[in-house]
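Reading through the structure tokens given below for one structure.
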Amino acid sequence: MFDLVPFGKRRDDAFGVLAKSLNEMFNDDFFAPLTSNALSFRTDIRESEGAYLIEAELPGFRKEEIDIDYSSPYLTIKAVRTEESNEENKDHQMVRRERRYGEYVRRFYVQDIDDAGIRASLRDGVLSLEVPKRQKPQGKRIEIQDGGNDNSDRKELQ
């Protein structure tokens, strides 16, 4: 958590350091691993006449760490971070751990899409998915046959 103390008014006395440490400890989401094993990420979804465009923010992920799966009717994007960055002192005790790792998952309910035509690209931490819609069959106009005044068909039926 960032300090909200203005420049020049910061006090690094022992009580302030202790209060800051306690504040950081209680602001961490301690129960997050118990409530859910998957984190989420932000997405933008646009719709055009022929496709959906999904843009997902996945900064720091490589394409090998991202899995996209379509199992009708759900499109699932999953990114797994396995990276760890530690600072250790000379006695190899951890002093600071800045990065978290985990599984980031989003599921989207989509129907009538062409799953064979889904295309994905990753650039500058943004995953872009183009999900084409299944082309609906065009309606067929049915001509009405002329019933006419021909009574010959009726006579045969009697």
Side-chain angles (χ1 to χ4, degrees), residues 1-140:
M1 178 172 182
F2 294 103
D3 286 333
L4 299 177
V5 179
F7 294 108
K9 295 189 178 197
R10 186 179 202 157
R11 293 187 301 165
D12 287 328
D13 58 346
F15 181 77
V17 171
L18 178 63
K20 180 181 171 188
S21 296
L22 287 172
N23 188 28
E24 287 178 356
M25 182 177 74
F26 287 109
N27 281 338
D28 279 348
D29 195 0
F30 179 75
F31 293 103
L34 300 175
T35 57
S36 173
N37 62 349
L39 302 169
S40 187
F41 49 87
R42 296 182 187 270
T43 58
D44 294 332
I45 302 172
R46 293 186 187 98
E47 181 179 8
S48 68
E49 189 174 320
Y52 298 102
L53 177 63
I54 301 171
E55 293 179 328
E57 292 181 359
L58 294 169
F61 283 97
R62 297 184 316 268
K63 67 180 185 177
E64 297 81 19
E65 298 172 321
I66 301 171
D67 184 37
I68 304 164
D69 179 55
Y70 179 69
S71 180
S72 185
Y74 293 101
L75 177 69
T76 304
I77 303 171
K78 179 169 68 171
V80 179
R81 185 179 302 275
T82 57
E83 175 182 319
E84 246 183 70
S85 177
N86 299 325
E87 285 184 29
E88 297 179 353
N89 63 10
K90 62 183 176 181
D91 296 328
H92 300 288
Q93 295 173 336
M94 186 180 330
V95 175
R96 175 179 294 198
R97 175 179 277 168
E98 290 286 332
R99 307 214 186 261
R100 295 183 182 191
Y101 58 93
E103 186 175 276
Y104 299 79
V105 178
R106 288 292 300 266
R107 291 181 84 192
F108 302 96
Y109 181 83
V110 288
Q111 293 186 51
D112 297 327
I113 64 168
D114 177 15
D115 58 338
I118 297 174
R119 293 184 306 190
S121 64
L122 181 67
R123 182 175 180 188
D124 296 332
V126 177
L127 174 69
S128 298
L129 285 169
E130 184 178 335
V131 182
K133 295 178 181 178
R134 186 176 304 148
Q135 296 299 321
K136 295 180 183 173
Q138 296 294 325
K140 179 180 176 184

Looking at every non-hydrogen atom in both residues, tell me the closest pair between [X] and [Y] and how far apart they are.
| X | Y | value |
| --- | --- | --- |
| E65 | G60 | OE1-O, 4.0 Å |
| I66 | A79 | CG1-CB, 4.1 Å |
| P59 | R81 | O-NH2, 3.0 Å |
| F41 | I77 | CZ-CG2, 3.7 Å |
| L122 | R62 | CD2-C, 3.9 Å |

Beyond-backbone contact of [X] with [Y], side-chain heavy atoms, under 4.5 angstrom:
| X | Y | result |
| --- | --- | --- |
| I54 | D44 | no |
| V80 | E103 | yes |
| V105 | T76 | yes |
| L53 | I45 | no |
| R106 | T43 | yes |

Test ring pair (Phe, Tyr, Trp, His ring centres under 6.0 Å) on Y104 and F61; report intermediate values, then the result. CA-CA 11 Å; Y104 299 79; F61 283 97; 5.6 Å; yes
Going through the distances and angles, do Y109 and L75 end up as a side-chain contact (heavy atoms from CB on, under 4.5 Å)? CA-CA 6 Å; Y109 181 83; L75 177 69; over 6 Å; no
Calculate, to the nearest 0.5 Å, the distance between atoms [atom1] and [atom2] belonging to [X] and [Y] respectively.
| X | Y | atom1 | atom2 | value |
| --- | --- | --- | --- | --- |
| R119 | E130 | CZ | CD | 4.0 Å |
| R107 | S40 | CZ | OG | 13.0 Å |
| Y70 | I118 | OH | CD1 | 7.0 Å |

Has S48 got a side-chain atom pairing as donor or acceptor with A51's backbone, closer than 3.5 angstrom? yes
Between E49 and K133 (salt bridge meaning N to carboxylate O under 4.0 Å), is one present in this structure? no
Verdict with reasoning, Y74 to F108, per ring pair (Phe, Tyr, Trp, His ring centres under 6.0 Å): CA-CA 5 Å; Y74 293 101; F108 302 96; over 10 Å; no
Take R134 and D112 through the test side-chain contact (heavy atoms from CB on, under 4.5 Å) and record every step on the way to the result. CA-CA 5 Å; R134 186 176 304 148; D112 297 327; 3.8 Å; yes
